[in-house]
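What follows is one structure encoded as structure tokens, with my remarks underneath.
All figures in this text were calculated on a predicted structure; none of them were measured in a lab. Chain naming here is simple, since letters A, B, ... match the order of the sequence lines and numbering starts at 1 in each.
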2 protein chains.
Amino acid sequence: MNVRTLCLGILAFDEASGYEIKKAVEDGMFSHFIEASYGSIYPALTQMLADGLVSVREQAQEGKPLKKAYSITEAGRRALKNSLHELPQQDKFKSEFLFQALFRDQVDPQHLEAVFNGQMEYLCDELATIEECRQSLEPGSGHAFVNGYGHAVVSAAIQYMEESRSSLGLPRKPISSDAAE
Amino acid sequence: MNVRTLCLGILAFDEASGYEIKKAVEDGMFSHFIEASYGSIYPALTQMLADGLVSVREQAQEGKPLKKAYSITEAGRRALKNSLHELPQQDKFKSEFLFQALFRDQVDPQHLEAVFNGQMEYLCDELATIEECRQSLEPGSGHAFVNGYGHAVVSAAIQYMEESRSSLGLPRKPISSDAAE
DNA sequence: GACGTAGTATATCAAATTGATATATAGCAA
DNA sequence: TTGCTATATATCAATTTGATATACTACGTC
């Protein structure tokens, strides 16, 4: 699945600018299972506009740059539906954290601790984002299923990390400083 | 982190050919948190050879093509150690399965079921690979930690999927045909 | 015995994608 | 007034993917 289909999927929920699509995959609803950068999003939108899969509405905003709000067209919805009926490719998971963890005996203990805490922070942020979305989802919807999947997986990771502290020779929980932030 | 560092890490455990590195990230020990293709592995090895980070031992095999067994050099180990002390990038997770699940009301029920069963199969295969490695790992090692992380996350996903069958309107478990395979 | 498929092994390349950077404007803080 | 953050679009070199080519063995099957 390419970035075009991905954008089409996001636009199927609501019109959005390239910038907003980036935010959605970076921090928003789609952030825990999708990746895309500006360098692929903008060309995808330009191409789909030429192909008639999306339309633009240019909004001149006071004090802000021109905003191009893209909407999905009927042809776009058909193209999306087609893509949705192809068998999905296998999940891809890349973790530099786990790669580094493999060599834990070759790094300074203080680096290991910093990296471990960084991972914990990242996972907790993910979980917070997932839980924020949680209330606004109708049970039984695709959204609710995906949200629940993310919740299950990230929770399990956090729990495992917490249980592994001692076996990695790390000090007990650093008295939740995240409560202060 | 680039493919060069990734190869260096794998070679730090044992000498390997490009083909064997690919297998390691595809099916082996590294498969659940690393991705790399031939098109990046072979050029990486060639470049690192020129840079003196690895050395080659060419093995003429009877009845098989020439095999180039790459080993990490001292310079390579230093380069790896340096990379290991950089802060890791955030995890990246891409799931076309979850993307499709988002639009579950727009696809045929039979497609949804096929995709769901495909994901289950994939997850169960992952878990099997993880459990296979499990015994040969010394407790407290980096390997054991990473293996445990994978086990925790994949198990949670499988459990969530199983619990979600009914809410997605899918029939009960298709009487484990995997036992027959 | 020919034919297809799977496994071992290296290598290349067009196309897709990333990650960084450039441009521009507003608001807020030091 | 200098720097930082946020909004917003856009480009591009470098990296990476995914597909394909080549070549030989082995195994099944028709």
Side-chain angles (χ1 to χ4, degrees), chain A residues 1-8 10 15-28 31 34-51 54 56-70 83 86-94 96 99, chain B residues 1-8 10 15-28 31 34-51 54 56-70 83 86-94 96 99:
Chain A
M1 196 195 61
N2 53 29
V3 176
R4 283 193 302 289
T5 308
L6 163 61
C7 291
L8 233 33
I10 293 174
E15 66 164 28
S17 63
Y19 183 75
E20 287 165 338
I21 291 174
K22 181 73 206 302
K23 270 201 303 182
V25 301
E26 202 168 66
D27 309 304
S31 60
I34 275 176
E35 308 280 339
S37 63
Y38 287 131
S40 58
I41 293 170
Y42 283 112
L45 290 171
T46 306
Q47 202 196 310
M48 291 198 294
L49 187 62
D51 295 345
V54 298
V56 219
R57 193 168 56 83
E58 303 206 353
Q59 292 173 290
Q61 299 174 110
E62 294 161 58
K64 280 181 192 171
L66 177 83
K67 182 171 162 178
K68 296 184 184 175
Y70 291 88
S83 300
E86 279 167 34
L87 281 178
Q89 270 186 260
Q90 252 191 220
D91 288 356
K92 277 178 198 169
F93 179 56
K94 263 194 189 187
E96 292 195 11
F99 182 79
Chain B
M1 197 193 60
N2 52 30
V3 176
R4 282 192 304 289
T5 307
L6 163 59
C7 291
L8 233 33
I10 293 174
E15 67 163 28
S17 63
Y19 183 75
E20 287 166 337
I21 291 174
K22 181 73 204 304
K23 269 201 304 181
V25 302
E26 202 167 67
D27 309 303
S31 61
I34 274 176
E35 307 282 339
S37 63
Y38 288 132
S40 57
I41 292 170
Y42 283 111
L45 290 171
T46 305
Q47 201 197 311
M48 290 198 296
L49 187 61
D51 295 346
V54 299
V56 220
R57 193 167 56 83
E58 303 205 354
Q59 294 172 288
Q61 299 175 111
E62 292 160 61
K64 280 181 191 172
L66 177 82
K67 181 172 164 178
K68 295 183 184 176
Y70 291 89
S83 300
E86 278 167 34
L87 281 178
Q89 271 185 259
Q90 252 189 220
D91 289 356
K92 277 178 199 170
F93 179 57
K94 264 194 189 186
E96 291 195 12
F99 182 79

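Here the nucleotide nearest the side chain of A:Lys94, chosen from C:dT18, D:dA8, D:dT16, is D:dT16. You'll find that the side chain of B:Pro43 is closest to C:dT12, out of C:dT10, C:dT12, D:dA8.
Nucleotide D:dT25 holds its C1' atom 15 Å from the NZ atom of B:Lys67, rounded to whole Å. Protein atom CD1 of A:Ile41 is 15 Å distant from nucleotide atom P of D:dT7, rounded to whole Å. A straight line from CD of A:Glu86 to P of D:dG18 spans 14 Å, rounded to a whole angstrom. To the nearest angstrom, P of D:dA21 lies 17 Å from OH of B:Tyr42. If you measure from atom OH of A:Tyr19 to atom P of D:dT5, you get 13 Å, rounded to the nearest angstrom. The separation between A:Tyr38 atom OH and D:dA6 atom P is 11 Å, rounded to whole Å. In this structure, CG of B:Asn2 is placed 13 Å from P of C:dA20, rounded to the nearest angstrom. Put simply, CD on A:Gln47 is 14 Å from P on D:dT11, counting in whole angstrom units.
Residue-level contact check: A:Lys22 touches neither bases nor backbone, having no heavy atom under 4.0 Å from any strand. A:Gly18 comes within 4.0 angstrom of the backbone, heavy atoms only, and of no base. Using a 4.0 Å heavy-atom cutoff across all strands shown, A:Ser17 reaches sugar-phosphate atoms only and no base atom.
Under the 4.5 Å side-chain criterion, counting only non-hydrogen atoms from C-beta, A:Arg4 is in contact with A:Gln47. A:Phe99 has its side chain within reach of B:Met1: a pair of non-hydrogen atoms, C-beta onward, lies under 4.5 Å apart. Contact check for B:Leu45 versus B:Ile41: side-chain heavy atoms found under the 4.5 Å cut-off.
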Inset, instruction - Quick one: do A:Thr46 and A:Leu49 satisfy side-chain contact (heavy atoms from CB on, under 4.5 Å)? Show the steps, please. - result: CA-CA 5 Å; A:Thr46 306; A:Leu49 187 62; 5.7 Å; no
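Ion pairing between A:Glu20 and A:Lys67 holds under the 4.0 Å rule for side-chain N and carboxylate O.
Within the structure, every side-chain polar atom (N or O) of B:Lys92 is placed at least 4.0 Å from both OP1 and OP2 of D:dT16.
Two residues, A:Ser37 and B:Tyr70, neighbour DNA chain C, and the one matched to the more 5' nucleotide by heavy-atom proximity is B:Tyr70. When each of B:Lys23 and B:Gln89 is assigned the nucleotide of DNA chain C with its nearest heavy atom, B:Lys23 is the one assigned upstream, toward the 5' end.
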